[in-house]
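As structure tokens, the structure follows; a few thoughts come after it.
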Protein chains: 2
Amino acid sequence: MNLDIIQNKGLKLTKHKLAILKLFELHKHLDAHKINTLLNEEGNNVSAATIYRVLASFEKNGVVVRHNFNEDQAVYELADPNHHHDHLICTKCNKVIEFYNCQIELLQEEIAKKNSFKIINHHLNLYGICSECKKT
Amino acid sequence: MNLDIIQNKGLKLTKHKLAILKLFELHKHLDAHKINTLLNEEGNNVSAATIYRVLASFEKNGVVVRHNFNEDQAVYELADPNHHHDHLICTKCNKVIEFYNCQIELLQEEIAKKNSFKIINHHLNLYGICSECKKT
DNA sequence: GTAATTGCAAACCGTTTGCACCCGA
DNA sequence: TCGGGTGCAAACGGTTTGCAATTAC
């Protein structure tokens, strides 16, 4: 776990932060509400305010990355700067599948160059129906 | 203008709807707040509720498309089913540049197939600094 | 000890909705 | 006429914040 990242910034390593980090090892993609539910289930009562504050702090310090797959609520995942990836999102069951395609990455760079644009970040979200949901 | 689309669905062609449609011919990308401001500037006082209702109706009927470039508010543009495109978004001045790359589209299809996924929609947003903003 | 963290409740902000009135076809 | 459209104010839902108490280091 990236406990070192947290402590190197003068942040304190609290029970709640640990509990939230642990959740991310079990569930790759989590939103604030889901975190709240899961923590409650394990008897860990954490206020919503704290969850948002922890997530904001984690994001600022590069521990997690925030996504906006749908307009409703933000989804977070552990940051991994060495393994960029994009997402397939099932609009039925909300399952998220990660993928990486270096040809697409290269084409994006070309497009940026053509438009004299300096890319800082990008999101490629493919929305559709996953194999499970296609059956039903 | 796609006035026919509106009327063929039993919708009424009101002054407000016309005014909003006209705005989209001048500004490709608009959010509810911007629309409100622009309408006020031309002396056209329209309540926020109406703007949201018109946009929702337009979206439902395929007149406009909604985007969530940033987490704050939704951005709309006129729908054009024959000319799909993706976006470069300047994080400094919020300028939006459209692009289309058929190789990327093909690669997306491949990825979907590999994951037994049926793509319904996708968003490719490249965030960065535009040529104008790079200078300053 | 002291600065970061937390819980609570209230505030925020974009968006939606209930209701009574208005208007386009 | 009549069903869609509109304004107003209140509601909503995710998220943020002020404040006083708590805790990690």
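Below, read A as the first sequence line, B as the second, and so on, with proteins coming before strands; counting in each chain starts at 1.
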Phosphate contact (C:dT16 OP1 or OP2) by B:Tyr52 side-chain N/O below 4.0 Å:
no
Note: A:Glu132-A:Lys92 ion pair, threshold 4.0 Å (strictly below):
no
Could you check how far CG of A:Asn68 sits from P of C:dG14, rounded to whole Å?
15 Å
Please confirm whether the shortest side-chain N or O distance from B:His16 to OP1 or OP2 of D:dG7 is below 4.0 Å.
yes
Nucleotide D:dT23, atom P - distance to NZ of A:Lys15 in whole Å
9 Å
Can you see whether B:Glu77 engages B:His67 through a side-chain donor-acceptor pair at a distance of less than 3.5 angstrom?
yes
Applying a 4.0 Å non-hydrogen cut-off, can you work out what B:His33 is touching in the nucleic acid: base, sugar-phosphate, or nothing?
nothing
Looking just at side-chain N and O atoms, do A:His83 and A:Asp80 make a donor-acceptor pair shorter than 3.5 Å?
yes
On DNA chain C, more 5' by nearest nucleotide between A:Val46 and B:Ala74 is A:Val46
Let me know the distance between CG of B:Leu13 and P of D:dT6, rounded to the nearest Å.
10 Å
Answer with base, sugar-phosphate or nothing: what part of the nucleic acid does B:Asn45 contact at a heavy-atom distance below 4.0 Å?
sugar-phosphate
Separation of atom CZ in A:Phe58 from atom P in C:dA4, rounded to whole Å
16 Å
Send over the distance from B:Ile20 CD1 to D:dG5 P, rounded to a whole Å.
12 Å
Are a donor atom and an acceptor atom from the side chains of A:Gln108 and A:His122 found within less than 3.5 Å of each other?
yes
No-hydrogen, no-angle side-chain donor-acceptor test under 3.5 Å, A:His84 and A:Glu105:
yes
Look at the side-chain N and O atoms of B:Thr50 and state whether any lies under 4.0 Å from the OP1 or OP2 oxygen of D:dG7.
yes
For atom CG of B:Asn36 and atom C1' of D:dG7, their distance in whole Å:
12 Å
Between atom NZ in A:Lys12 and atom C1' in C:dA4, what is the gap in whole Å?
4 Å
How would you label the contact of B:Asp72 with the nucleic acid (heavy atoms, under 4.0 Å): base, sugar-phosphate, or nothing?
sugar-phosphate
Has the side chain of B:Arg53 got a donor or acceptor that lies under 3.5 Å from a partner of the other kind on the base of C:dG18?
yes
Spacing between A:Leu11 atom CG and C:dT2 atom C1', to the nearest angstrom
15 Å
State whether A:Thr14 places a side-chain N or O below 4.0 Å from either non-bridging phosphate oxygen (OP1 or OP2) of C:dT6.
yes
Considering just the side-chain nitrogens and oxygens of B:Lys17, establish if one lies under 4.0 Å of OP1 or OP2 belonging to D:dG5.
yes
